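Each residue takes its place number in the sequence, starting with 1. If you're wondering where the values come from, they're calculated on a predicted model, not measured in any experiment.
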Amino acid sequence: MSEAKERAQCVAHVLNAALPNDIREEIEREYLLVAEEQRARGRSNRRVLLIGGAGYVGSVIAGQLLERGYSVRCMDRLLYRNDVCVLPLVHHAQYDFVYGDHCGPTAVNAALDGVTDVVILSGLVGDPITQKYPDVSEAINHKGMLSLIDCLNGKGLNRVVFVSTCSNYGLIVGDVMADESYELKPLSLYAKAKVAVEKALLDSRGKVDYSPTVLRFSTAFGLSPRMRFDLTVNEFTRAMYLKQDLVVYDAHTWRPYCHTRDFGSAVRRVLELGRSRIAFEVFNVGREENNCTKQSIVDKIKKHLPDAPVSYKEHGTDPRNYRVDFRKIREKLLFVPEHTVDDGVAEILGALNNHLFDRVNDNLPFYGNYEIAYNG
């Protein structure tokens, strides 16, 4: 048996042991196909470029891909002074970091050298930060992102994964679950730019030599080297732990949530399965059980911190309200996130109890998307 065949079987049968036999065999076939394609191009192994790979989700995905045997190149502009997130990985033999802006074709083309797959996580992430910097948001999230995807064609890439957002669904009235075909109603600059890039990628069928996939992420929670405490589950848990006066606006509005490590697993599933399952497809990433109201998140934290002070107000500045259907990713990619919101609350409380985040207030721009270091 060849070394490539042995390696393929290891990938399919060990790392994906819980999957049905036919899916493991599909992963094995895809591994061998990609390996042969890369050998023909003079590449010895599969190298994934994570654009924005030093961020809250990206730094977690980088570690997971390395654990799974991938080579990883991280390209990041370090907008949030998050350089320290790179340090835990710099000595790994299969990891390298390049400082760069995805808006610059020269930097992008250099970063693509020797790369087999691309995962795009970069940009100003979230509604508040794009509202604070509307011109920069337009330059980076819209024009810069369209420039980036133009650079990807003709490079012999295998997969391109674009990380989008369930915020694209905007405001849903009534008892409706949004699947991938549901009408998009982006309310913010952040979501509007994501929708524009999604359209550009999905309209490129027959025009590009790679297989693009759009992943609409739920709102993230959980630990990360670049920890964020401006996201609902993380923010509420820390505030209630510290007995701060937490004010919850529009407590009965719905959002879907997903753990950082589960995002990494979803990306890996897209990289591993056959092209027919993922090419030019859109997938919501999450699980129905993690559709939560803000009130239900407070209630989960109250189980651990019953005396934490919380007050409620209506008519906040963020009107988004949506529950999301995740059948497609569950049925087509056999992907179900492992972590619940309760798991995330317990994880964060454990970290707080162990004094891992005693100095958040000393460096707030690192621990949330509040401001950026960017000069164009």
Would Tyr70 end up clustered with Phe263 when hydrophobic side chains under 4.5 Å apart are linked, directly or stepwise?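 Per the 4.5 Å side-chain linkage, Tyr70 and Phe263 are co-clustered.
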Val345 with Ile348, same ILVMFWY side-chain cluster at under 4.5 Å: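 Yes.
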Could you tell me if [Y] and [X] have a donor-acceptor pair between their side chains, going purely by distance under 3.5 Å?
{"X": "Glu347", "Y": "His339", "value": "no"}
{"X": "Asp83", "Y": "Tyr99", "value": "no"}
{"X": "Asp117", "Y": "Tyr210", "value": "no"}
{"X": "Thr165", "Y": "Asn168", "value": "no"}
{"X": "Asn284", "Y": "Tyr182", "value": "no"}
{"X": "Ser167", "Y": "Arg320", "value": "yes"}

Do [X] and [Y] come close enough that some side-chain heavy atom pair is under 4.5 Å?
{"X": "Ser218", "Y": "Asn290", "result": "no"}
{"X": "Val72", "Y": "His92", "result": "no"}
{"X": "Lys199", "Y": "Leu184", "result": "no"}

Test side chain to side chain donor-acceptor pair (under 3.5 Å) on Asn82 and Tyr56; report intermediate values, then the result. CA-CA 9 Å; Asn82 50 311; Tyr56 174 59; over 6 Å; no
Can you check side chain to side chain donor-acceptor pair (under 3.5 Å) on Asp150 and Ser147, steps first, answer last? CA-CA 5 Å; Asp150 283 344; Ser147 171; 5.9 Å; no
Please lay out, stage by stage, how Phe283 and Phe335 fare under the test ring pair (Phe, Tyr, Trp, His ring centres under 6.0 Å). CA-CA 11 Å; Phe283 297 95; Phe335 174 78; 9.8 Å; no
Whether [X] side chain and [Y] backbone form a donor-acceptor pair below 3.5 Å:
{"X": "Ser204", "Y": "Leu201", "result": "yes"}
{"X": "Gln131", "Y": "Ser188", "result": "no"}
{"X": "Lys132", "Y": "Tyr370", "result": "yes"}
{"X": "Arg73", "Y": "Ala111", "result": "yes"}

Presence of salt bridge, Arg216 and Glu198, under 4.0 angstrom: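 Yes, charged N to carboxylate O under 4.0 Å.
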One thing to verify: whether Glu272 and Arg277 come together as a salt bridge, which I'm taking to mean a side-chain N less than 4.0 angstrom from a carboxylate O.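 Glu272 and Arg277: not salt-bridged.
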Angle between ring planes, Phe221 versus Tyr257, binned at 30° and 60°: parallel, tilted or perpendicular?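 Answer is tilted, since the angle falls between 30° and 60°.
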